[in-house]
Structure formats: structure tokens, C-alpha cells
Chemist: 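Can you keep this structure in mind? I'll have questions shortly.
Below, chain A is the first sequence line, B the second, and so on; all start at residue 1.
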Amino acid sequence: MAENNIPKVYDPKLFEKKWYQYWEENNYFHAEVDKDKQPFSIVIPPPNVTGQLHMGHALDNTLQDILIRFRRMQGYNTLWMPGCDHAGIATQAKVEAALKEEGTGRYELGREKFLERVWEWKEKYGNRITSQLRSLGSSCDWARERFTMDEGCSRAVREVFASLYEQGLIYQGTRITNWCPECNTAISDIEVEHETEKGQLWHLRYQVEGSDEYVEIATTRPETMFGDTGVAVHPDDERYKHLVGKTLILPLVNRPIPLFADEYVDPSFGTGAVKVTPAHDPNDFEMGQRHNLEQVKVIENDGTMGEGAGKYAGLDRYECRKKLVAELKEQGILVSVEEHEHAVGHCSRCHTTIEPLVSKQWFVKMDSLAKPAIEAVKSGRIKFVPERFAKIYINWLENIRDWCISRQLWWGHRIPAWYCDNCGQVTVARDDITHCSHCGSENIRQDEDVLDTWFSSGLWPFETMGWPEETAELKHFYPTSVLVTGYDIIFFWVARMVMMGLAFGGDVPFRQVFIHGLVRDSEGRKMSKSLGNGIDPVEVVDKYGADTLRFMLITGNTPGNDMRFYWERVESARNFANKIWNASRYMLMNLEGSDRQFVPTATDFTLADKWILSRYARTVQEVTANLEKYELGEAARAIYEFIWSEFCDWYIELTKARLYDKDNERPKQTALYVLGYVLEHTLRLLHPFMPFITEEIWQKLPHEGDSIMIAPWPTLEENLLHDEAEAAMAAIMDTVKTVRNLRSEVGAAPGKKSEVLIHLLDEDLRRVFAENRDYIATLATAEPVTLMPTDAPKPENSLTGVVKGAEIYLPLKSLIDVDKEKSRLAKEGEKIAAEIDRLTKKLQNESFTAKAPPQVVEAERHKLQTAQEKQKTLAERLAYLAKL
RNA sequence: GGGGUUAUAGCUCAGUUGGUUAGAGUGUCUCGUUGACAUCGAGGAGGUCACAGGUUCGAAUCCCGUUAACCCCACCA
């Protein structure tokens with residue numbers, strides 16, 4: 001038999017790879033510009049080219065794939081642009097680590113050889129992440145795959161750099177920058193992570209020249225004292241007024257330094273006197289500028305002490321601190337030590353403590369770029385989902401400082417600036433040059449540094465579309481429709497793209513920004529390598545399949561909020577897949593040998609058919625509306641509930657009688673038709689969420705077309721909406737639940753059928769029940785089911801249940817436990833009394849009846865009526881039982 | 001120092017413009033193996049929606065305050 005071909009248990013291994021290959025081979029992911037269709041485009045947040053997929057990627061790409069597949073099915077001209085980022089520091093660090101293993105390093109190799117090694121590394125590991133994205137089901141247009149260091153992107157980078165330079169928005173400057181001694185490069189402000197640390201505040205005394213007087217200063221970094229070129233106090237500080245203008249002697253070094261007044265100093269902190277080290281502190285740097293102080297560099301780029309530190313030269317800065325403090329103590333210069341909490345900057349990549357150092361770097365002036373970027377969000381040209389992130393974005397841009405874009409690395413876009421050793425001219429050019437633009441000398445050399453990785457990723461939405469060429473893609477797909485990313489990257493990437501997009505792309509880079517949260521571990525901690533608490537998405541795909549992982553990531557996910565990873569939730573998602581699998585299996589088994597051309601007429605449809613079709617139509621509405629609002633979790637929940645709680649739990653059960661009845665072909669065919677219709681369409685709704693299982697089943701079902709992924713998205717079919725059928729089914733379902741409930745409460749024997757008497761209060765409902773008596777019999781293990789005439793006496797010695805419009809009796813003869821039943825009824829009576837009380841008060845409230853909308857008041861009246869009927873019945877039953 | 005988020009069942013979380021008897025998953029308890037599925041079915045227990053005010057006919061939902069946890073930003077040595 002054919003059904004033997006369908007495994008009893010859902011096993012994604014059997015088909016996920018196959019279908020991905022099928023989709024890719026048939027070019028379904030590929031988008032050509034089609035001006036007749038509305039575009040829908042997304043650029044992928046480019047993962048690090050040699051990186052590995054983590055849960056963050058899995059979530060991010062699942063969200064994007066859902067949106068893309070949804071819009072593709074809706075008929076948009078859909079482009080999902082994929083690609084990778086060269087990830088300057090990260091990639092270089094990996095290759096350097098590998099070289100270290102071999103006992104060599106990048107300086108030994110030299111720039112050219114080193115870069116060859118990095119490209120080799122990129123070739124070796126560059127496919128890993130994209131193949132992992134494929135295993136997730138991501139329907140990227142791989143034919144268009146880009147890399148931030150490919151020719152086109154490199155050209156875009158040089159164009160933007162040169163253009164900004166010409167506009168005076170890129171400049172070179174010597175100033176304090178954040179220096180990472182480990183990565184050996186300058187980094188930008190946002191690459192510094194501030195953490196509060198317990199440290200000490202050392203109080204030192206500096207002697208006033210030609211006097212016995214001392215000035216006590218407080219510092220957190222005593223080793224920088226060798227670079228002190230002054231001491232500052234507040235101008236209004238009475239303690240020091242008489243000393244302003246005097247000279248102090250820098251201890252150990254015995255260098256004279258001035259004591260001056262500056263508004264910056266906070267008299268209430270420490271001693272009110274600050275040692276000033278312009279070469280190693282940003283504030284001191286600025287004070288130094290104001291007071292013309294010398295910059296004495298005493299910490300080298302590698303974090304060791306320089307020559308200025310005298311005998312400490314060559315020592316690591318912390319080693320120096322230890323020894324220096326001992327010496328200061330011995331010499332009586334150290335007055336006291338205070339425990340002190342303060343924020344210390346760390347490199348976001350290697351977590352080394354940042355040393356502020358003076359160096360020559362390239363900067364981007366931000367003010368004029370930031371302004372339009374702020375405006376674009378304020379005016380609503382770009383919308384954040386959820387909205388609160390707009391505030392964070394605006395606040396950051398309003399307080400932005402210039403961006404240090406040069407990095408002392410080799411892997412990246414080399415800065416297109418050349419220095420002439422003959423005349424000193426700096427030339428910035430779009431293409432490599434061979435001689436100086438000023439004097440024509442060939443004695444020129446290119447700047448050694450490369451650009452911050454985020455400089456090129458900032459151009460991503462338009463450089464991938466072919467910019468600076470005016471390509472058809474650029475015209476059609478730019479601005480992109482939506483950017484999907486985590487909140488942790490708003491400053492690094494989102495803001496930069498908006499600024500660059502507006503400055504060079506000619507428009508905002510995207511219309512919407514859909515922000516998601518982080519995937520944390522089960523204890524709410526961030527997944528990290530150092531904690532070892534990361535869950536590998538590839539492992540989850542291997543064990544449970546991509547559909548399961550995707551559905552797990554999407555359930556309960558709310559825009560912008562973090563979520564936790566639980567294996568239990570993975571299993572729950574897998575169970576859902578299995579449920580769909582088996583519901584389909586049920587249908588397919590029964591489809592064998594049936595007439596696939598059969599189309600029922602209106603009179604063939606049963607109540608259950610009309611009901612499920614109506615429920616299906618509402619599900620279409622709900623899922624579509626939620627997807628359009630980026631409420632993907634809600635959309636998924638709606639499908640889940642429809643499939644499990646309505647289609648499987650009720651509808652399938654109600655088709656069994658027809659399907660197993662060999663003698664009546666037409667009802668069976670009708671049931672199969674409806675099953676097929678609802679299942680096939682529901683699979684389409686589910687496809688963006690679970691692409692593989694939906695394709696696998698869809699291909700087995702009667703269908704039109706070559707793939708579910710290009711099947712049209714279901715639209716609302718108003719003719720399927722059927723309020724009466726829904727109401728009637730609701731009444732029947734309530735009745736079934738009540739009977740099951742009663743049976744369970746008295747411990748009725750599971751297989752043994754109960755006699756059920758139903759007293760209907762309404763003639764219409766009575767007809768519905770009469771026509772569908774079988775539903776109750778089958779689903780509630782009831783027989784016989786008797787519908788009592790309205791004027792019939794209430795049966796005695798029965799369990800009683802009340803639903804809207806009907807009273808239900810289960811005569812239990814001698815089986816009844818009177819006390820138990822009494823207390824059950826009493827309990828229910830309390831509930832209903834409270835409800836009546838609440839409703840009565842509400843309705844007696846004249847302002848409610850006057851001000852609330854009439855349909856709301858009516859609904860409340862109706863509720864009260866129902867409740868009162870129920871109470872009456874309960875009271876009767878209770879009275880009866882009391883007599884026993 | 002500034003800003004933000006969260007607080008709902010034992011646990012993890014939904015609840016989108018104020019009108020539900022406040023839901024789901026998971027856990028827990030009782031019962032259930034004949035043809036979709038034990039990765040299942042039926043039923044039960046479990047919540048003063050953090051606390052205190054306010055707006056409103058009506059608040060888990062809107063406003064104010066308090067408390068707690070978390071996060072981001074920030075050049076007090």
C-alpha cells in the first residue's frame with residue numbers, strides 16, 4: 001500500500017537537503033529586475049567571511065527568510081541580497097593566531113605574504129558560513145553574492161573616501177585615540193566597552209618649587225605621572241588659589257610643571273587637584289591644548305613604558321605601576337590609597353584595557369552626515385520596529401563625535417592616500433597613482449593603514465546593487481524595503497548605513513528597520529565562547545531539522561526583545577512538525593484510490609466542512625496581518641493554533657466517520673476535498689516559517705505548480721467566512737467538552753458510552769444539534785444522544801452541565817456520587833454567582849449603559865442572561881440532589 | 001550621571017489600537033494502546049497581571065510614583 005511510503009514519524013533528514021537543492025537549481029531564489037512588479041528587497045547583514053553560524057545569525061536569517069518568502073509568494077519582485085564582510089580585525093586576528101602556531105608572525109612575513117595568507121584563509125573558510133545559511137533554508141539570491149572586499153565594493157569604498165575627502169569631511173589629525181595594545185591599532189569610540197572596575201585612587205604629593213608646601217593630587221593611573229606636564233585646579237577653589245601660577249616639581253623625574261586653573265576640574269573629587277597628562281588622557285589632552293602644555297608620551301603602542309619612564313622603560317604598564325607605587329611609598333610621595341570604582345575602557349574584540357594615546361589618524365566629520373540621518377528617522381522616512389529604537393538611534397547621532405576610521409592593520413581596504421617624500425604633498429585618489437600630483441615625483445608611498453570594517457559595511461545597501469554605476473538593480477531595489485538586525489548593532493551599522501545612504505545612495509538605504517533581540521542561554525546569559533554556553537545552530541539542524549529550529553526561534557518572539565534557548569522548546573517545535581506530518585499522512589493514506597478531480601457542490605458540505613473553511617479563512621487574515629506588522633511570533637502562533645487545536649483536534653476527528661465509510665463515496669470525497677483544500681492552503685501559510693516540511697508534503701498533495709515556494713500566498717476568501725457555522729460548531733464543541741468533563745469528573749469508564757440527554761432552549765440550535773448528533777456521539781463517547789423537547793421534564797438523577805443555549809444531562813443511574821456531585825455543582829454555582837454579580841453591577845451602572853457602545857452593552861446583557869439561565873439550572877439540580 | 005527595557009500560572013513567555021470567565025508552551029496530577037500522531041488524546045490543579053495612586057462607565061493594557069532585575073550610552077582624574 002502507498003501509505004507505507006510515508007514514514008510514521010517526521011524525519012527532516014530525508015528531505016531538507018533535497019528541497020534546498022531543488023529550489024536553488026530551479027533559480028527560485030534569483031531575482032531579475034521586473035519593473036512590472038513591486039520590488040521587495042532586503043540586504044543581508046553580512047556575516048564575517050570566515051565566521052561560523054551562531055544563534056544570532058540563525059534568528060536574524062530566519063526572520064529575513066520568513067519576510068522574503070512571504071513577499072515572494074505575495075507576488076513581489078523579491079530580492080534577498082547575500083554576502084560576507086571581510087571583518088578586518090577579527091579575520092586578521094585569526095590568521096595571526098594561526099601564524100603564531102607555526103612560530104611566525106605577520107611582521108616576519110611582511111605585508112604582501114601576509115595578505116596572501118589571509119586570502120587563502122578566506123578561500124578555505126569562506127564557504128562555511130554560506131553553506132550553513134543554506135542549511136537553514138535561507139532563500140538568498142546566491143547568484144548575486146557579494147564580499148566587502150570584492151572589486152565592486154572596493155571601488156565604492158575608494159569613491160566614497162575620496163569624495164568625503166574632497167568635501168572636507170575626511171581629515172587627518174593627531175589626537176588622542178583609543179589604542180588597543182593587543183590588537184595594535186587605534187579603534188573608534190564605539191569599539192570601546194566601558195566596565196566598572198574596582199581600582200585604587202592613589203594620592204601623591206607634588207612639591208611646590210622653592211617651598212615646603214605640597215600639593216596632593218589623586219590618580220587612578222600612577223604610571224602616567226612620567227607624562228605629567230601640569231597640575232590643574234578649579235579657578236574658584238580657595239584651597240589652591242594662592243598656588244595658581246606656581247611651579248611644581250614632578251617627583252622622581254624632578255621636572256618643573258605648572259599649576260594652573262581650569263574649569264574642567266571638579267573641586268569635590270579627590271583632592272581637587274588633577275595631574276595633567278596630555279599624551280595619555282582625553283581630558284588632559286584638551287586641557288593641554290587650552291594651556292599649551294607639552295605632550296610627553298610615556299606609554300608605547302604595545303602597552304610597555306617608554307623612555308620617559310626612566311628606569312621603568314620597557315616594563316609592562318601594570319608591572320610598572322606595581323613597582324612604581326612601591327617606590328613612591330618608600331619615598332613618602334604616596335600619601336594614601338583609596339578604594340575607588342571607575343569605568344575602564346576595554347577593546348570590544350580582545351577585551352584588553354584601552355590606552356588612550358596620541359597618534360595620527362584619519363577621521364570622518366560627523367555633524368553634517370548625522371543631521372540628515374536624524375531627520376530621516378524623525379520625519380518617518382525610516383521607521384523602526386519597535387519604535388523605541390528610534391529614540392536610541394537619534395540620541396546617539398545627536399551626540400556623535402568624529403569617527404576614527406584608520407586602523408593599523410593590513411587586512412582591509414587600504415586608505416587611498418599617498419604621501420610624497422619629495423614635497424610632502426598628500427594625495428587622495430580613486431585609483432592607484434604612480435607619482436605625486438603636486439611635484440610629479442615618483443618618490444611616493446601609500447598610507448599603510450586600512451579602513452575600519454564598518455566603513456565598507458556602511459555602504460552595503462548600495463554598493464551591492466552596483467553603485468557607483470547607475471544600475472537597473474539600484475534603481476529598482478534601492479532603497480531596500482526593510483533591514484533586519486539586532487539592537488546591538490544599531491550604532492555600528494544601521495546609523496552608518498543611513499548616513500552613507502543619504503550622502504551617496506541618493507536616498508535612505510531602507511524604509512524600515514526591524515530590530516530583534518538576542519538569543520540567550522536558558523539562564524538568560526549571553527551566549528559566548530568564553531562561557532562555553534553557546535548552542536550551535538548547526539547541531540540543532542542536524543538533530544532536529546531546520547524547520548524545527550526556525551519555528552522554535554520564532555515562537556513567542558517579540559520584536560526587540562531577547563529570548564532564551566531551551567531544548568524543551570526545540571522539542572515542542574519538533575512535535576509540531578510531527579503533528580503536521582501525521583495530519584498530512586492521515587489525509588494521504590485516505591487519498592489513495594480516490595477521485596482527485598471530484599469537486600463537491602454546496603449541498604455536500606457538512607457543518608464541520610463549513611466551519612473549518614471559515615476558520616481557515618480567518619487564519620489567512622490573521623497570519624497575513626501579523627506578518628505585515630512584523631509580528632512574526634503572533635503569526636506563527638495563529639497557524640499553530642489553527643493546525644493543532646482546530647484542524648487536528650476537531651476537524652480531522654470529524655472526518656473519520658466519512659473517510660472510513662466504504663459505502664458512501666460522495667461524503668468521503670467531500671471530506672477529502674476539504675481536507676486537501678485546507679491542508680494545501682495552510683501549508684502555504686506555514687511555508688515561510690517551515691519551508692522544508694511544507695514543500696515535502698505539498699509535493700505529495702494534489703497541487704498546482706512546481707514548488708510551494710512560488711505558489712501564491714492565500715488571500716482572504718470572503719465566501720468561506722461563515723458565522724453561523726462557527727457559532728453552531730462552537731455550541732457543539734462546548735457540549736462535547738462538557739460531556740467529557742462530566743464523564744471525567746465522575747470517573748466514567750473510558751470506553752463505555754454514556755447516555756446523554758440534551759435540553760435545547762433554542763429551536764435553531766435544536767435543528768443544528770439534530771443534524772449533527774453524530775459529532776457529539778463520536779467526540780464525547782456518548783450514546784444514545786437524545787434531544788429533549790423543550791417542554792419535557794428535566795431528567796432526574798443525572799449529572800448536569802450547562803452551556804450557552806443548552807442543558808446537558810448524563811443519567812448515571814446508581815453510579816452517581818451524590819456528595820461529590822453536590823460539591824461540584826456548588827463550586828460551579830459560586831463561580832457563576834460571582835459572574836452574575838459582576839455583570840449585574842456593570843449593567844446597573846447607568847454611565848456604562850449610556851456611554852459604552854451599544855453592541856458592547858448588548859453583549860454584556862447577553863452574557864448575564866446566559867449566566868442566569870445557567871445558575872437557575874444549577875440551583876434546580878442542587879435542590880434535587882438535596883432531597884436524595 | 002543620562003536613557004531604555006522588563007515585572008502576568010512552578011518555569012519560559014504571548015496578550016498589537018482599553019471591553020476575554022487573563023492565554024500558550026513546558027512542568028505537575030488523573031485517565032486513556034484497535035487505523036494520522038504516545039513526538040499523541042481527554043480532563044484537572046495552578047494567577048489579588050510587582051506595589052501604591054490617578055484617568056475612565058470599564059485598566060494586565062493609558063498616566064504618575066515606588067520597588068526590583070537587566071541593558072545601553074557617558075572624557076570625573
Chemist: List the steps, then state whether side-chain hydrogen bond (donor to acceptor under 3.5 Å, both in side chains) holds for A:K275 with A:T224.
Modeler: CA-CA 9 Å; A:K275 66 193 259 323; A:T224 61; 2.6 Å; yes
Chemist: What's the gap between B:A60 and B:A50 when it is taken at their C1' atoms, as a whole Å value?
Modeler: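 Comparing C1' positions in B:A60 and B:A50 gives a spacing of 12 Å.
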Chemist: Is A:P356 touching bases, backbone alone, or none of the nucleic acid, heavy atoms closer than 4.0 Å?
Modeler: nothing
Chemist: Want to settle it: does A:I392 or A:R564 sit nearer the 5' end of RNA chain B, counting the closest nucleotide to each?
Modeler: A:I392
Chemist: Distance from A:M287 atom CE to A:H291 atom NE2, nearest 0.5 Å?
Modeler: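 Between atom CE of A:M287 and atom NE2 of A:H291 there are 7.0 Å.
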Chemist: Taking OP1 and OP2 of B:A14, is either one under 4.0 Å from a side-chain nitrogen or oxygen of A:N561?
Modeler: yes
Chemist: Let me spell it out: for each of A:K737 and A:K842, pick the nucleotide of RNA chain B with the closest heavy atom. Which residue's pick is nearer the 5' end?
Modeler: A:K842
Chemist: State the NZ-OG1 distance between A:K753 and A:T778, to the nearest 0.5 angstrom.
Modeler: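 Reported value, rounded in 0.5 Å steps: 8.5 Å.
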Chemist: With rounding to the nearest 0.5 Å, note down the distance linking CG in A:N626 to CD in A:E631.
Modeler: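 Taking CG in A:N626 and CD in A:E631, the distance rounds to 6.0 Å.
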Chemist: Can you tell me how far the OG atom of A:S348 sits from the CD1 atom of A:I187, to the nearest 0.5 Å?
Modeler: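 It comes to 5.5 Å.
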Chemist: Using a heavy-atom cut-off of 4.0 Å across all strands, would you classify A:N395 as base, sugar-phosphate, or nothing?
Modeler: nothing
Chemist: Ignoring hydrogens and geometry, is there a side-chain-to-backbone donor-acceptor pair from A:R569 to A:T555 under 3.5 Å?
Modeler: yes
Chemist: For A:F269, answer base if it contacts any base atom (sugar-phosphate contacts may also be present), sugar-phosphate if it contacts only those atoms, and nothing otherwise; contact means non-hydrogen atoms under 4.0 Å.
Modeler: base
Chemist: For A:Y640 and A:F551, take the angle between the two ring planes, folded into 0 to 90°, and tell me which bin it lands in: parallel under 30, tilted 30 to 60, perpendicular over 60.
Modeler: parallel
Chemist: Rounding to an integer number of angstrom, what distance separates B:G46 and B:A14 when you compare their P atoms?
Modeler: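 The answer is 25 Å between these two P atoms.
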Chemist: Any stems for RNA chain B, made of 3 or more Watson-Crick or G-U pairs in a row, each with both distances under 3.5 Å?
Modeler: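 Stem list for RNA chain B: B:1-7 with B:67-73, B:10-13 with B:23-26, B:28-32 with B:40-44.
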Chemist: Taking atom P of B:U12 as reference, at what distance in whole Å does atom CG of A:D521 sit?
Modeler: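 It works out to 12 Å between those atoms.
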Chemist: Taking 4.0 Å as the cut-off, does a side-chain nitrogen or oxygen of A:K391 come that near to OP1 or OP2 on B:G4?
Modeler: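 Answer is yes, contact under 4.0 Å.
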Chemist: So, is A:N557 close to the B:C13 phosphate, meaning a side-chain N or O under 4.0 Å from OP1 or OP2?
Modeler: no
Chemist: Can you measure A:N399 atom CG to B:G3 atom P for me and round it to whole angstrom units?
Modeler: 12 Å
Chemist: If you measure from NE2 on A:H516 to CD1 on A:I554, what distance do you get to the nearest 0.5 Å?
Modeler: 10.5 Å
Chemist: Please report, rounded to the nearest Å, how far the P atom of B:C76 is from the OH atom of A:Y264.
Modeler: 7 Å
Chemist: Using only heavy-atom distances, decide whether a donor-acceptor pair under 3.5 angstrom links the side-chain of A:K579 to the base of B:C37.
Modeler: yes
Chemist: Are A:I400 and A:F491 close enough that some pair of their side-chain heavy atoms sits under 4.5 Å apart?
Modeler: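 No; the side chains remain at least 4.5 Å from each other.
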Chemist: Using a cut-off of 4.0 Å on non-hydrogen atoms, how would the nucleic acid contact of A:G199 be classed: base, sugar-phosphate, or nothing?
Modeler: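 Touches nothing.
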Chemist: Applying side-chain hydrogen bond (donor to acceptor under 3.5 Å, both in side chains), run through A:Y487 and A:D562 and close with a yes or a no.
Modeler: CA-CA 10 Å; A:Y487 58 71; A:D562 292 350; 2.9 Å; yes
Chemist: At 4.0 Å (heavy atoms only), tell me whether A:R401 reaches a base, stays on the sugar-phosphate, or touches nothing.
Modeler: base
Chemist: Flag this pair as yes if the NZ/CZ of A:R175 is under 6.0 angstrom from the six-membered ring centre of A:F363 and inside a 45 degree cone about the axis; otherwise no.
Modeler: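 The answer is yes, since A:R175 meets both limits relative to A:F363.
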Chemist: List, with names and distances, any nitrogen or oxygen atoms from the protein found under 3.5 Å away from nitrogen or oxygen atoms belonging to nucleotides 59-61 of chain B.
Modeler:
none

Chemist: Can you name the atoms? Protein N/O to nucleotides 25-27 of chain B N/O, anything below 3.5 Å, with the distance.
Modeler:
unit_1 : atom_1 : unit_2 : atom_2 : d
B:G25  : O2'    : A:S572 : OG     : 3.3

Chemist: Check this one for me: any side-chain N or O of A:T558 less than 4.0 Å away from OP1 or OP2 of B:A14?
Modeler: yes
Chemist: Say we look at B:G47 and B:G53: how far apart would their P atoms be, to the nearest angstrom?
Modeler: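 Approximately 23 Å lies between the P atom of B:G47 and that of B:G53.
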Chemist: Between A:W644 and A:F642 (judged by ring centroids, cut-off 6.0 Å), do the two rings come close enough to count as a pair?
Modeler: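 Ring centres of A:F642 and A:W644 not closer than 6.0 Å.
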Chemist: Give the rounded distance in Å between these two atoms: CD of A:E195 and P of B:C70.
Modeler: 15 Å
Chemist: Within the 4.0 Å heavy-atom criterion, would you say A:E634 contacts the bases, only the backbone, or no part of the nucleic acid?
Modeler: base
Chemist: Scan A:E193 against the nucleic acid and name what it touches under 4.0 Å (heavy atoms): base, sugar-phosphate only, or nothing.
Modeler: nothing
Chemist: Side-chain N or O of A:K8 less than 4.0 angstrom from OP1 or OP2 on B:C37?
Modeler: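 Answer yes for this pair, as a side-chain N or O of A:K8 is under 4.0 Å from OP1 or OP2.
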Chemist: Taking CG from A:N578 and P from B:C40, how many angstroms apart are they, rounded to a whole number?
Modeler: 7 Å
Chemist: Atom NZ of residue position A:K656 - does it have more than 12 heavy atoms of other residues, nucleotides or ligands inside 6.0 Å?
Modeler: yes
Chemist: Considering every strand and a 4.0 Å limit on heavy-atom distances, what is the contact class for A:V276: base, sugar-phosphate, or nothing?
Modeler: nothing
Chemist: Counting the atoms with a prime plus P, OP1 and OP2 as sugar-phosphate, which does A:K275 contact under 4.0 Å by heavy atoms, base, sugar-phosphate, or nothing?
Modeler: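 Nothing: the residue A:K275, judged by heavy atoms under 4.0 Å, touches no strand.
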Chemist: Which part of the nucleic acid, if any, lies within contact of A:F491, taking any heavy atom under 4.0 Å across all strands shown: a base, the sugar-phosphate backbone alone, or nothing?
Modeler: sugar-phosphate
Chemist: Hey, is the side chain of A:W644 poking within less than 4.0 Å of OP1 or OP2 on B:G41, counting only N and O atoms?
Modeler: yes
Chemist: From NZ of A:K526 over to C1' of B:C70, roughly how many Å is that when rounded to an integer?
Modeler: 12 Å
Chemist: Atom CH2 of A:W396 and atom P of B:G4: how far apart are they, to the nearest Å?
Modeler: 19 Å
Chemist: Give the nucleotide from the list B:U16, B:G44, B:U12 with an atom nearest to the side chain of A:N741.
Modeler: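 Between B:U16, B:G44, B:U12, the one nearest the side chain of A:N741 would be B:G44.
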Chemist: How would you label the contact of A:R574 with the nucleic acid (heavy atoms, under 4.0 Å): base, sugar-phosphate, or nothing?
Modeler: base
Chemist: For A:H340 together with A:F269, are the ring centres under 6.0 Å from each other?
Modeler: yes
Chemist: Whole angstrom is fine here: how far is it from CZ in A:R321 over to C1' in B:A77?
Modeler: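 The answer, rounded to whole Å, is 13 Å.
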